[in-house]
Chemist: 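I am attaching a structure below and will ask some questions about it afterwards.
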2 protein chains.
Amino acid sequence: MRLSTRGEYASRAMLELSLNWPRRPLHIRDISQAQHIPERFLEQILLLLKRAGYLRSKKGPHGGYHLARPPAEITVAEVIRVMDGPLAPIDCVSVTAHEVCPLEATCGLRWLWKDVRDAVARILERTTFADLARRARRLPAAGGIRKKKR
Amino acid sequence: MRLSTRGEYASRAMLELSLNWPRRPLHIRDISQAQHIPERFLEQILLLLKRAGYLRSKKGPHGGYHLARPPAEITVAEVIRVMDGPLAPIDCVSVTAHEVCPLEATCGLRWLWKDVRDAVARILERTTFADLARRARRLPAAGGIRKKKR
DNA sequence: TAATAGTCGATAATTTCAATTGACTAACTA
DNA sequence: TAGTTAGTCAATTGAAATTATCGACTATTA
């Protein structure tokens with residue numbers, strides 16, 4: 001029942017970008033350092049998020065990534081789905097992947113996995129990156145969310 | 001956010017054993033055939049469940065596996081934990097794994113993953129195999145058994 | 001045009017997962 | 001007690017997914 005590292009990195013990166021919103025773009029490197037994500041791996045992740053329409057990018061000096069929409073309009077569920085696919089614990093219960101389950105007896109379990117899927121989806125679909133940013137800012141904030149040195 | 005095949009097989013096998021409870025033991029082969037689970041793989045799974053105290057076994061003719069406790073006293077959460085470990089989507093939020101997260105900014109996400117973990121745990125901890133068996137029996141049973149005539 | 005910074009495809013490294021194997025032990029039954 | 005049934009166990013293989021890295025490329029800016 002685990003979230004992939006990709007999914008975790010993606011949500012952390014999106015949060016970092018949301019904390020920065022709507023200021024100038026962030027470099028891959030800045031996000032990487034702030035969130036301790038391997039730079040080249042993060043590069044891939046951001047590219048996927050861009051292709052999926054959640055980020056925009058700019059090349060060259062003063063380039064970088066920024067959100068394509070305000071944080072309040074992006075849910076965690078969307079981001080996780082882009083990175084990891086359906087939220088459902090098994091396919092026969094997925095809204096986005098639906099697969100017909102050939103076993104009768106499995107059906108004794110189907111409603112349960114559906115309950116789980118729904119519970120997870122409910123939480124992740126109602127939580128936006130604005131919610132996350134709001135709560136992140138309120139924290140005692142040790143060390144440095146804001147980091148300006150170069 | 002996926003359930004492993006192991007976890008799925010284990011819960012199917014436990015359901016099969018619960019449907020049979022408290023009659024005589026089931027052979028690995030019977031469970032394997034009823035639930036379409038590779039026999040030698042199922043063997044491993046049942047052994048783990050036995051070692052964890054959920055099953056008892058008997059060798060020789062008329063041997064097989066049976067539940068160590070009544071289905072009403074075994075939750076799905078327990079079985080999934082035996083097979084796949086903690087229910088939590090990430091470790092820093094797990095009740096059974098516990099890991100200190102070194103990042104401040106991540107904490108902006110921590111509460112969310114905790115909510116997800118709790119939601120999943122709540123469902124899987126309140127659902128017993130007796131619940132599953134009850135609902136499985138009630139199904140129309142498309143392939144094999146016809147509904148009883150009256 | 002030099003430096004910056006994202007783009008892209010390929011692939012390497014690692015880990016996890018699913019499954020298989022063979023040799024073994026216990027229990028029953030004829 | 002011999003023979004068969006059935007679970008036990010450790011080791012390992014194979015495959016797939018995941019995580020991560022690389023190098024060459026393109027766009028942008030000063």
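Just so it is clear: chains get the letters A, B, ... in the order the sequence lines come, proteins before strands, and each one is counted from 1.
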Chemist: Under the salt bridge (charged side-chain N to carboxylate O under 4.0 Å, His left out) test, which residues partner Arg117(B), sequence neighbours left out?
Modeler: none

Chemist: Charged N to carboxylate O under 4.0 angstrom, Arg12(B) versus Glu16(B)?
Modeler: no

Chemist: Can you check the Leu42(A) CG to dG6(C) P distance for me, whole Å?
Modeler: 10 Å

Chemist: How many Å lie between NE2 on His27(B) and P on dT4(D), as a whole number?
Modeler: 17 Å

Chemist: What is the nucleic acid contact for Arg6(B), judged by heavy atoms within less than 4.0 Å: base, sugar-phosphate only, or nothing?
Modeler: sugar-phosphate

Chemist: For nucleotides 12-15 of chain D, which of its nitrogen or oxygen atoms have a protein nitrogen or oxygen under 3.5 Å away, and what is each distance?
Modeler:
none

Chemist: Quick check: closest heavy atoms across Trp111(A) and Leu132(B), and the distance to 0.1 Å?
Modeler: CZ2-CD2, 3.7 Å

Chemist: Based on the rotation axes of five pairs at each end, what angle does the helix from dT1(C)-dA30(D) to dA30(C)-dT1(D) bend through, to 10°?
Modeler: 10°

Chemist: Given dA5(C), dC9(D), dA18(C), which nucleotide is nearest the side-chain atoms of Thr5(B)?
Modeler: dA18(C)

Chemist: Whether Arg126(A) and Asp131(A) form a salt bridge (side-chain N of Lys/Arg under 4.0 Å from carboxylate O of Asp/Glu) is what I want to check.
Modeler: no

Chemist: Would you check if the side chain of Arg110(B) reaches a backbone N or O of Cys92(B) as a donor-acceptor pair within less than 3.5 Å?
Modeler: yes

Chemist: Any N/O pairs under 3.5 Å between the protein and nucleotides 23-30 of chain D? List them or say none.
Modeler:
| from | atom 1 | to | atom 2 | distance (Å) |
| --- | --- | --- | --- | --- |
| dG23(D) | N7 | Arg40(A) | NH2 | 3.4 |
| dG23(D) | O6 | Arg40(A) | NH2 | 2.1 |
| dT26(D) | O2 | Lys59(A) | NZ | 3.2 |
| dA27(D) | O4' | Lys59(A) | NZ | 3.4 |
| dT29(D) | OP1 | Lys58(A) | NZ | 3.1 |

Chemist: Rounded to whole angstrom units, what separation is found between the CZ atom of Arg2(B) and the C1' atom of dA17(D)?
Modeler: 12 Å

Chemist: If the cut-off is 4.0 Å, is Arg51(B) near the phosphate of dC9(D), judged by side-chain N/O to OP1 or OP2?
Modeler: yes

Chemist: Give the rounded distance in Å between these two atoms: NE2 of His36(B) and P of dA18(C).
Modeler: 19 Å

Chemist: Given Val116(B), which partner from the list Thr127(A), Leu124(A), Leu87(A) fulfils the side-chain contact (heavy atoms from CB on, under 4.5 Å) test?
Modeler: Leu124(A)

Chemist: With sequence neighbours excluded, give me every salt bridge (Lys or Arg N to Asp or Glu O under 4.0 Å) pair touching residues 49-77 of chain B.
Modeler: Arg69(B)-Glu78(B)

Chemist: Return no unless some side-chain N or O of Tyr9(B) is found under 4.0 Å from OP1 or OP2 of dA19(C).
Modeler: yes

Chemist: Rounded to whole angstroms, how far apart are CD1 on Ile45(A) and C1' on dT18(D)?
Modeler: 11 Å

Chemist: Taking only N and O in the side chain of Ser57(A), is any of them less than 4.0 Å away from OP1 or OP2 of dT7(C)?
Modeler: yes

Chemist: Could you state the CE-P distance from Met83(A) to dA20(D), rounded to the nearest angstrom?
Modeler: 12 Å

Chemist: ring-ring contact (aromatic ring centres under 6.0 Å, His included): which pairs involve residues 46-85 of chain A, sequence neighbours left out?
Modeler: none

Chemist: From CD1 of Ile31(A) over to P of dA5(C), roughly how many Å is that when rounded to an integer?
Modeler: 13 Å

Chemist: Is the backbone N or O of Pro38(B) less than 3.5 Å from a side-chain atom of Ser32(B), with the two atoms forming a donor-acceptor pair by type?
Modeler: no

Chemist: Are Arg122(B) and Asp118(B) ion-paired here, with the side-chain N under 4.0 Å from a carboxylate O?
Modeler: no

Chemist: If I compare all heavy atoms of Leu19(B) with all of Ala136(B), which pair ends up nearest, and what's the gap?
Modeler: CD2-CB, 4.2 Å

Chemist: May I have the distance from Ile28(A) (atom CD1) to dC8(C) (atom P), rounded to whole angstrom?
Modeler: 12 Å

Chemist: Does Arg2(B) reach the main-chain N or O of Ala88(A) with its side chain, forming a donor-acceptor pair under 3.5 Å?
Modeler: yes

